[in-house]
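Right, one structure below, let's go through it.
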Amino acid sequence: MRGIELKNLTKHYKDTKALEDVSLTIEYGKIYGLLGRNGAGKSTMVNLISNRIFPTSGEIFVDGEMSIENDEALRKIFTMSEHNLLPVDKKFKEAVKIVKMFYPDFDEDYAFALAEKFELDVKKKLMSLSTGYSSIAKLIMALASGADYIFFDEPVLGLDANHRELFYKELIDRYANTGSTYIISTHLIDECANLIEKAIIIDKGRLVTAEDTDKIMENSYTVTGPAELVDKYTADKTVVGSDTVGGIKSAYVKGKAQNVPQGLEISKASLQSLFIQMTND
Amino acid sequence: MYTKKLLRSTWNIKEVLSLVAVFAVIVVIFSFLEFQDARGDVDDLLKKSGTLSQEQIDKLSVVSPVGIMAMVGALGFGVAYTAQMFSLSLQVNVTRKHLHKAILFSELMSAGLISATVYPVRMGINLLFSKLCTGQYAVLSDKFRDAAFNTSPFSKNMIVSQGILSGILLMLFGSLLFALIGSLLMNFLSRFKGAGAVFASILCFLSAAGILIALILISSKWISIAVLGSLLVIMLVAQWRLVKTQTIDNTNTRKKV
């Protein structure tokens, strides 16, 4: 079976439980959103899969092969991190050559074409790039890597709206052309909600859900109206969370809306609002 | 294969050559100062006793600022590459096994490179100054050499070769020790990313350089070499066990699959 499988993955740092008994499967050929609050364990999960750190317990399989210290399995993964890990004294065009050495399917022409689209100066050293362009350089490396599983950790950090739009567009194009798996770890949920096919939500190191976003959203709705009416309507329903402003209440409910009384308004819950309710203390 | 790629992507010929050139200039300056200092010491000693004891010769030839500088330089030279390699290995998902090997090779290469720069330059400078001061080419000044000849046949050879050989040996030992400490520490501190790798490298550098300099300053040369040798063996065993454990763990898990 193609995909990345995590089995009872746990990572502890002394007394801190960064990740606790996480089991899930990342299917090949889909776009995932890896969502979680600050310190939820997103980066730990990505770093474990990329063999940057070792698990306290549990196993990781890439296309059925154990990935820890396994060169062949790790060649299928590329991770764009928040930090720049490439030699900063190298120019972008030199860094491209370095990455190509390790990723034989790296598409050099595509990388330079993207650099042109993003107006990235390929003759500049990585250390002299601004925060935004540094992110762009890392994004280009990831998109052009040719790896089967590409992880983006906060990909649009420091990017202006135009560049963010261009990145999302290029990601979809690349996905359509290569069919690889893209996993985006981000806090800007609304921005990429339309891209994400599946959402992995983790909170305090534990897996909350790993489902199709459509399914998450289909099975939830928002009911808004006077607080009393909303409470009465939701009394026998599963309420994920709620917000009250003045006397008006919005409740996030699991399931399908049925027999809605007059005076209440039903709307589709956004992924971001559901995420907030799922991960609120 | 990945070890070679890691080395190729971090070792830059132009950078290496320019660093070697800078190093050579520093060595020239230090050699001159050392030469003048040694001549002064020999003159003083000869005036007092007319000859040099074995202990005095050891002192003059072993604790050489150029030797220590070369050793520390070799260690420092490797720090930058080690940090870069560690960082790059995280980005391109290279396994620890390859990273350890690449760090070891890198350290040995930097030690070799610095040896190849420092000692020929130092010899050349000594010969040149000898010619200028005494009219003859000699590794050390004629007076120094004559004094050495008067003590024992053993020291006659040592006076020429001791400083160079012990310097090279200590430097190679030091670099290897540094490489082993470095790769072990980096494995234990594997949670570090980016800036953390640089921190780990500096820590390795300081610990290895500190141990070496302390040993050279407080002990005799042979005790230093013995202690360093023992440390090296311990580190090599630890390194070997580390790589072996990882491989076994991996193989077992693969078997389960």
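Side-chain atoms are counted along with the backbone in the values below, which use heavy atoms only and exclude waters and symmetry mates. First the proteins, then the strands, lettered A, B, ... as listed; each starts at 1.
In the displayed structure, A:Lys17 atom NZ is contacted under 6.0 Å by at most 12 heavy atoms of other residues, nucleotides or ligands. The environment of NZ in A:Lys125 is sparse: at most 12 heavy-atom neighbours from other residues, nucleotides or ligands sit within 6.0 Å.
Only the side chain of A:Lys90 has a heavy atom closer than 4.5 Å to any heavy atom of chain B.
Counting heavy atoms from C-beta on, the side chains of B:Leu88 and A:Leu85 never come closer than 4.5 Å.
Listed options A:Ile77, A:Ile98, A:Thr79, A:Val99 were ranked by heavy-atom pairs under 4.5 angstrom with chain B; first place goes to A:Ile98.
The side chain to side chain contact (heavy atoms under 4.5 Å, CB included) with A:Met101 is formed by just one residue from the set B:Lys4, B:Met1, B:Arg8; it is B:Arg8.
Using modelled atom types, no side-chain atom of A:Arg52 and backbone atom of B:Asn93 make a donor-acceptor pair closer than 3.5 Å.
Pairing each heavy atom of A:Tyr103 with each of B:Gln91, the nearest pair is OH-O, 4.2 Å.
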